[in-house]
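Notes to accompany the following structure.
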Amino acid sequence: QVQLVESGGGLVQPGGSLRLSCEVSGIIFRFYTMGWYRQAPGKQRELVADITGGGSTNHADSVKGRFTITRRNAKNTVYLQMNSLKPEDTAVYYCNALLGKINYWGQGTQVTVSS
């Protein structure tokens with residue numbers, strides 16, 4: 001069965017860094033566009049970044065220059081490197097796999113940025 005398992009969340013001070021990982025199983029990983037989304041309390045879920053199977057990336061304006069999405073197809077894993085974190089980055093971060101009309105989600109991992 002398809003599984004997306006996020007890890008790496010936690011509590012970090014403003015200006016700090018964190019790396020999220022999403023390990024995927026049950027799909028032909030290299031054909032899927034992978035994305036990171038986040039949902040803050042009282043707000044809608046929003047796209048943070050995504051990356052195609054070939055490595056083309058897209059980052060939301062709010063995180064450009066601070067966050068970087070990458071993938072290792074041989075490990076069926078997508079990463080989100082988060083630097084210069086701000087309190088407004090606090091949210092549950094979700095991993096997503098997309099291929100046409102096929103869509104899968106992970107369970108989410110909490111990121112809290114606070115002093």
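The figures that follow rest on heavy atoms only: side chains count, while hydrogens, waters and symmetry mates do not. All of these numbers come straight from a predicted model, not from anything done at the bench.
At most 12 non-hydrogen atoms from other residues, nucleotides or ligands lie less than 6.0 angstrom from CD of Q44.
Note: F67 CZ to W36 CH2 = 11.5 Å, rounded to the nearest 0.5 Å. Separation of atoms CG (D50) and OG (S56) is listed at 10.0 Å; rounding is to 0.5 Å. Rounding to the nearest 0.5 Å places OG1 of T68 at 8.0 Å from CG of L80. How far CG of N73 is from CE of M34: 10.0 Å, rounded to the nearest 0.5 Å. Here I69 contributes atom CD1 and I51 contributes atom CD1; the two are 5.5 Å apart, rounded to the nearest 0.5 Å. Taking OG1 of T77 as the reference point, atom CD of E23 lies at 5.0 Å (rounded to 0.5 Å).
V92 and V12 are assigned to two separate hydrophobic clusters, defined by single-linkage of ILVMFWY side chains at heavy-atom distances under 4.5 Å. Note on V24 and L99: same hydrophobic cluster, where clusters join Ile, Leu, Val, Met, Phe, Trp and Tyr whose side-chain heavy atoms are under 4.5 Å apart, directly or indirectly. In the hydrophobic clustering of this structure, Y93 groups with Y104; members are Ile, Leu, Val, Met, Phe, Trp, Tyr whose side-chain heavy atoms approach within less than 4.5 Å, directly or through other members. Cluster membership check: Y32 shares its hydrophobic cluster with V2, using side-chain heavy-atom separations under 4.5 Å among Ile, Leu, Val, Met, Phe, Trp and Tyr.
Taking the side chain as every heavy atom from C-beta outward, T90 and Q110 approach each other to under 4.5 Å. For the pair L20 and T109, the minimum side-chain heavy-atom distance is below 4.5 Å. Q39 places a side-chain heavy atom less than 4.5 Å from the side chain of Y94. Contact of the E6 side chain with the W105 side chain is not registered, since no non-hydrogen atoms from C-beta on lie closer than 4.5 Å. By the 4.5 Å heavy-atom criterion applied to side chains, S114 and L11 are counted as neighbours.
Geometric assessment of R71 against the ring of F29 yields a positive cation-pi assignment under the 6.0 Å and 45° thresholds.
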Carefully, step by step, assess L18 and V111 under the rule side chain to side chain contact (heavy atoms under 4.5 Å, CB included).
CA-CA 9 Å; L18 213 56; V111 172; 4.1 Å; yes
Run the side chain to side chain contact (heavy atoms under 4.5 Å, CB included) test on T52 and T57 for me, step by step, so that the C-alpha distance in whole Å, both residues' side-chain angles and the decisive distance to 0.1 Å come before the verdict.
CA-CA 7 Å; T52 68; T57 63; over 6 Å; no
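Using a 3.5 Å distance cut-off with no hydrogens or angles, the side chains of N83 and S17 do pair a donor with an acceptor.
Residues L4 and C95 share a closest heavy-atom pair of CD2-O, 3.6 Å.
Every residue meeting the salt bridge (Lys or Arg N to Asp or Glu O under 4.0 Å) condition with R38, not counting sequence neighbours, appears here in chain and number order: E46, D89.
Panel note: side chain Q13, backbone S115; no donor-acceptor pair is recorded below 3.5 Å. Side chain of H59 to main chain of G65: no donor-acceptor pair is present (N/O by atom type, distance under 3.5 Å, no hydrogens or angles).
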